[in-house]
Amino acid sequence: MEKKSTTQLPPETTLDPGRVSPALAKLVEGAGALGVALPPGASERFRSYLEEIARWRGRLNLTSASSDTEVVLRHFLDSLVPLAVLCPARGCRLADVGSGAGFPGVPMKIARPDLEVVLIEASRKRCAFLEEVRASLNLPDLAVRWSRAEEMGHAEGFREAFGVVVSRATARTAVSVELTLPLVEVGGAAVLLKGPAVEQEIGEIAALVGAMGASVEACEVRSFPEPGRKTAALVLRKHAPTPQPYPRRGPALGRPV
């Protein structure tokens, strides 16, 4: 796939205390600790994102976080972990499976505006929220698709069409594996954000990962300022086409091979 050329911009490392809230200051600090440099204008876009979350909170159960700082610490920083463990090529096409409130796809797009991001979400109401976020943030190459991931995995133009596929959904790890890998192009990778216990599941999912044409490349655990909280990024590298019938549907989804 032809990569888009974009102008390299200096990172957003300095903040005007009068313009940036304490929550956003924590975001920039935390991103720096992860090794992710936010581009100019990122703070304003994250501010708009926080405002949309607050505006929709009464209408839709997007997150249990009750403050901007909680959203930053529990969701925004967590969403930047894939960029810390895997550096997508410039202009890479990325899919976020089970995007929900836009995590991790929207924060990744704000941090890397050059990425072409597709948010896949099965809830019509959450898609309406994501469309509002897309319009409010005015980010190019950000699309919202109302669909189930097991259907998208078989759809022309989506199956094996993404350099990176991410998921932060609460599904079982084996289910996340089966929903993401069919969308990944050969040579690309899926990044699953899970709790640290996922390290103990690698042996259980190895056969399924292999059957889908991939292998476990890495499992990195990152710590955050919120006390006692860690996130694991499981990286699955695709080395061969995923055979039919993956992803399977119904009770077969995520079952051992």
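On a predicted model such as this, the values are computed, not experimentally measured, just so you know.
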Checklist entry - Nearest heavy-atom pair of Ala95 and Ile120: which atoms, and what distance? => result CB-CD1, 4.3 Å

Next on the checklist: Angle between ring planes, Phe103 versus Tyr49, binned at 30° and 60°: parallel, tilted or perpendicular?
Outcome noted: tilted

Checklist entry - Okay, side chain of Arg112, backbone of Pro39: is any donor-acceptor separation there less than 3.5 Å? => result no

Checklist outcome for this item: For Val184 and Gly163 the tightest heavy-atom approach is CG1-O, 4.4 Å

Checklist outcome for this item: Separation between CG (Leu62) and CZ (Arg57), nearest 0.5 Å, reads 8.0 Å

Checklist entry - Does the side chain of Leu234 come within less than 4.5 Å of Val216's, by heavy atoms? => result yes

Checklist entry - Does CZ belonging to Arg59 count more than 12 external heavy atoms closer than 6.0 Å? => result yes

Item to check | Qualifying residues under side-chain contact (heavy atoms from CB on, under 4.5 Å), relative to Arg248, sequence neighbours excluded | outcome: Glu178, Leu208, Pro245, Tyr246, Ala252, Arg255

Checklist entry - If you measure from CD on Glu185 to SG on Cys92, what distance do you get to the nearest 0.5 Å? => result 7.0 Å

Checklist outcome for this item: Closest non-hydrogen atoms of Ser167 and Val97, given as atom of the first, atom of the second and distance, are OG-O, 3.3 Å

Next on the checklist: Distance check, rounded to the nearest 0.5 Å: Leu24 atom CG versus Leu38 atom CG?
Outcome noted: 10.0 Å

Checklist entry - Backbone N or O of Leu183 within a donor-acceptor pair of the Arg159 side chain at under 3.5 Å? => result no

Next on the checklist: So, taking the atom named CZ in Phe129 and the one named OG in Ser99, what distance separates them when rounded to the nearest 0.5 Å?
Outcome noted: 9.0 Å

Next on the checklist: Using only atom types and a distance under 3.5 Å, with no angle test, would you say the side chain of Arg45 pairs donor to acceptor with the backbone of Leu139?
Outcome noted: no

Item to check | Distance in Å, Asp141 CG paired with Leu94 CG, rounded so as to fall on 0.5 Å steps | outcome: 12.0 Å

Checklist entry - Judged by atom type as modelled, is there a donor-acceptor pair below 3.5 Å linking the side chain of Lys109 to the main-chain atoms of Val117? => result no

Next on the checklist: Looking at Trp56, I'd like to know if its CH2 atom is crowded, meaning that more than 12 non-hydrogen atoms belonging to other residues, nucleotides or ligands lie closer than 6.0 Å.
Outcome noted: yes

Checklist entry - Got Val85 and Arg222 here, is their nearest side-chain heavy-atom distance under 4.5 Å? => result yes

Checklist entry - Cation over ring, Arg93 on Phe158, under 6.0 Å and within 45°? => result yes

Checklist entry - With distance as the sole test, does Ser136 use its side chain to make a donor-acceptor pair with the main-chain N or O of Glu132 at under 3.5 Å? => result no

Next on the checklist: For the CZ atom of Arg74 and the CZ atom of Phe224, what is their distance to the nearest 0.5 Å?
Outcome noted: 13.0 Å

Checklist entry - Do His154 side-chain atoms and Pro247 backbone N/O form a donor-acceptor pair below 3.5 Å? => result yes

Checklist entry - Is a side-chain N or O of Lys238 found less than 3.5 angstrom from the main chain of Gly213, in a donor-acceptor match? => result no

Item to check | Verdict with reasoning, Glu29 to Lys26, per salt bridge (Lys or Arg N to Asp or Glu O under 4.0 Å) | outcome: CA-CA 5 Å; Glu29 179 183 0; Lys26 287 180 179 292; 5.9 Å; no

Item to check | Under 3.5 Å donor-acceptor, Thr242 side chain and Met212 backbone | outcome: yes

Next on the checklist: With a 3.5 Å distance limit and no angle check, can you tell me whether Arg145 reaches the backbone of Met152 through a side-chain donor-acceptor pair?
Outcome noted: no

Item to check | Pairs satisfying side chain to side chain donor-acceptor pair (under 3.5 Å), at least one member in residues 195-214, at least two apart | outcome: Thr173-Glu201

Checklist entry - So which heavy atom on Gly30 is nearest to which on Leu77, and how close? => result C-CD2, 3.6 Å

Item to check | Nearest atoms (heavy-atom pairs only) where Ser79 meets Leu193 | outcome: CA-CD1, 4.5 Å

Next on the checklist: Under a 3.5 Å distance rule, please check whether Trp146 uses its side chain to pair with a backbone N or O of Glu121 as donor and acceptor.
Outcome noted: no

Checklist outcome for this item: Correct closest heavy-atom pair for Leu80 and Pro107 would be CD2-O, 3.6 Å

Checklist entry - If two hydrophobic side chains count as joined below 4.5 Å and joins carry through other members, does Leu142 share a cluster with Leu83? => result yes

